[in-house]
Amino acid sequence: MSARVALVSSERGLRVDPDLPIAAPALRAAGLAVDLVRWDDPDVDWADYDLAVVRSCWDYAWRRAEFLDWAAAVPRLRNPVEVLAWNTDKAHLRDLVAAGLPVVPTVWDPTDVVALPEAGEWVVKPSISAGSRDTARWTEPAAVLGHVAELTAAGRTAMVQPYLASVDDAGETAMLFLGGRFSHAVRKGPLLQRGEGVRQDRDSRGDLRAVEPTPEQRAVAQAVFDAVPSLVPGAAPVLYARIDLVADAGGSPVVLELELAEPSLFLPQAPDGALAQLVAAVGDAIR
C-alpha cells in the first residue's frame with residue numbers, strides 16, 4: 001500500500017500556489033498517494049497520513065493561535081509545530097542576531113524618530129504577517145511612526161528596517177534548502193515601490209529567476225540553516241527552509257527573512273534536481 005502524503009494549504013493557496021501542481025505529480029510518480037488539502041478542513045483525518053507537509057497555509061497570519069493548535073494535533077507534521085510556533089513570528093530574528101548571524105537592522109515598536117534605524121527609507125511590517133500583508137516602504141519618518149502606531153494600537157508588534165537600496169537593483173536572493181541541504185537559489189525582484197505606502201498587490205510575486213549564489217551567500221545561508229536546531233530545541237529536522245538574503249551598504253549578504261513555515265519553494269524556477277531533492281526529502285521524512 002502506498003504511503004499517504006498530505007500537501008497542506010489554505011483555501012487561497014489551493015487556487016494559486018504555483019508549487020503544488022509541480023510537487024504533487026512528482027510525489028505521485030515516486031509511488032506516493034498525495035492529497036492536496038486545507039489545514040482547516042474539519043473532515044480531514046490527519047492520522048490517516050504518513051506525512052503532512054505544510055505548504056501554502058497563507059491565512060495563518062490572522063488565525064495564528066488556531067493554526068498552531070491545529071499543528072500541535074497533527075501527527076507526523078513537517079515542518080513540526082515547534083518550528084512553526086517559533087518561525088511564524090518574525091521576532092525570531094532577534095534570536096538570529098543573538099546567535100551572531102548577520103540580519104538587516106531591525107527596531108521593534110519605535111515611538112519616536114530617534115529610535116528609527118539610520119536610513120533614507122524604511123520598511124514597516126508586522127511581526128506576524130504573510131505575503132507582505134500590511135507591509136510598507138516609507139520615505140518620511142512621520143509616515144513610519146504613523147504606520148507603527150496603527151499596528152501597535154491593534155495589538156500587533158511592528159518592525160522597522162532600513163530599506164536597502166541594493167534591493168531595487170539586485171533584488172533579494174532566496175536560498176532554498178530541501179531535506180537538510182542546499183538546493184537552489186532564486187532572485188526575487190523588488191515588491192515595494194518607492195512612495196507606494198502599504199503594499200496592495202499581494203498577488204504579485206515580482207520578477208523571479210534562478211541564480212547562482214555567491215560563496216558569501218552560500219556561507220551565510222548555511223550558517224543560518226545550521227543554527228536552527230539550537231534555536232528551536234526539541235524540534236524535528238526541518239523538511240525545507242528558505243533564507244532570503246539582501247546586500248547591505250557594503251555589499252555583504254544579510255538575512256531579511258528566514259521562512260520555515262510556508263515558504264514558496266519557487267519550483268517553477270528551480271533546476272531539475274531540486275524537484276528530485278524534494279521528493280527524496282519527503283521519502284526520508286516518511287521513513
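Because the structure is predicted, anything quoted here is derived from the model rather than measured. These numbers come from the heavy atoms of this one structure, side chains and all, not from hydrogens, waters or symmetry mates.
Among all heavy-atom pairs drawn from Pro110 and Leu116, the shortest one is CG-CD2, 3.8 Å. The two atoms that bring Val81 and Ala72 nearest to each other are CG2-N, 3.7 Å, heavy atoms only. The shortest heavy-atom contact between Ser183 and Ala274 is OG-CB, 3.3 Å. Closest approach of Ala285 to Leu239, counting heavy atoms only: CB-CD1, 4.3 Å. Residues Ala261 and Leu84 come closest through the heavy atom pair CA-CD2, 3.6 Å. Closest heavy-atom contact between Pro141 and Val113: CB-CG2, 4.0 Å.
Within the cation-pi definition used here (under 6.0 Å to the ring centroid, within 45° of the axis), Arg94 qualifies as a partner of Trp108.
Side-chain contact check for Arg38 versus Leu14: some heavy-atom pair is nearer than 4.5 Å. In this structure, the side chains of Leu258 and Val228 come closer than 4.5 Å at one or more pairs of heavy atoms. Taking 4.5 Å as the limit, every side-chain heavy atom of Gln222 sits out of range of all side-chain heavy atoms of Met175. Side-chain contact between Val54 and Leu77 is present, with at least one heavy-atom pair separated by less than 4.5 Å. In this structure the side chain of Trp46 reaches within 4.5 angstrom of the side chain of Val37, judged on heavy atoms. Annotation: side chain of Leu101 is not in contact with side chain of Val255 (no heavy-atom distance under 4.5 Å). Side-chain contact between Val104 and Pro162: present, with at least one pair of heavy atoms (C-beta onward) separated by less than 4.5 Å. In this structure the side chain of Leu96 reaches within 4.5 angstrom of the side chain of Leu231, judged on heavy atoms.
The NZ atom of Lys125 sits 7.5 Å away from the OG1 atom of Thr106 when rounded to the nearest 0.5 Å. The line from CD of Gln217 to CD1 of Ile243 is 11.5 Å long, rounded to the nearest 0.5 Å. Note that OG of Ser129 is 6.5 Å distant from CZ of Arg156, once rounded to the nearest 0.5 Å. Between the CG atom in Leu27 and the OG atom in Ser2 there is a gap of 12.0 Å [rounded to 0.5 Å]. Put simply, CG on Leu145 and CH2 on Trp122 are 9.0 Å apart, with the number rounded to the nearest 0.5 Å. In this structure, Leu260 CG and Asn87 CG are separated by 4.0 Å, a value rounded to the nearest 0.5 Å.
Remark: the backbone N or O of Val148 is paired with a side-chain donor or acceptor of Thr152 at under 3.5 angstrom. Checked by atom type and distance alone, the side chain of Asp109 pairs as donor or acceptor with a backbone atom of Ala158 at under 3.5 Å. In this structure, Ser56 contributes its side chain and Asp17 its backbone to no donor-acceptor pair below 3.5 Å. A donor-acceptor pair is defined here as one N or O able to donate and one able to accept, closer than 3.5 Å; no such pair exists between the side chain of Gln269 and the backbone of Leu208. When atom types are taken as modelled, the side chain of His184 and the backbone of Gly273 share no donor-acceptor pair closer than 3.5 angstrom. A donor-acceptor distance shorter than 3.5 angstrom exists from the side chain of Asn79 to the backbone of Tyr240, with no hydrogens or angles considered. The backbone N or O of Pro213 sits nowhere less than 3.5 Å from a side-chain atom of Arg218 that would complete a donor-acceptor pair. No side-chain donor-acceptor contact under 3.5 Å links Arg55 to the backbone of Ser10. The main-chain N or O of Tyr49 is found under 3.5 Å from a side-chain atom of Arg76 such that the two form a donor-acceptor pair. Here the side chain of Asp244 pairs no donor or acceptor atom with the backbone of Leu256 at under 3.5 angstrom.
Taking the charged nitrogens against the carboxylate oxygens, Arg187 and Asp207 do have a contact shorter than 4.0 Å, which makes a salt bridge.
Under the 30°/60° scheme for interplanar angles, the aromatic rings of Phe177 and Phe225 are found to lie parallel. Aromatic ring pairs are classed by plane angle as parallel below 30°, tilted from 30° to 60° and perpendicular above 60°; the pair Phe67 and Tyr60 is tilted.
Clustering ILVMFWY residues whenever any of their side-chain heavy atoms sit less than 4.5 angstrom apart, transitively, puts Val103 in a cluster other than the one holding Ile128.
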Intermediate values then yes/no, side-chain contact (heavy atoms from CB on, under 4.5 Å), Val254 and Val246: CA-CA 6 Å; Val254 292; Val246 294; 3.8 Å; yes
CA sep, side-chain torsions, deciding dist, call: Trp70, Asp40, side-chain contact (heavy atoms from CB on, under 4.5 Å): CA-CA 8 Å; Trp70 162 81; Asp40 57 352; over 6 Å; no
Evaluation steps, side-chain contact (heavy atoms from CB on, under 4.5 Å), between Asp35 and Arg4: CA-CA 8 Å; Asp35 293 332; Arg4 296 190 66 198; 2.7 Å; yes
Steps toward side-chain contact (heavy atoms from CB on, under 4.5 Å) verdict (Glu216, Ser252): CA-CA 8 Å; Glu216 292 78 14; Ser252 297; over 6 Å; no
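No more than 12 heavy atoms of other residues, nucleotides or ligands shown are found within 6.0 angstrom of CD on Glu140.
A donor atom on one side chain and an acceptor atom on the other are found under 3.5 Å apart for Trp39 and Asp59.
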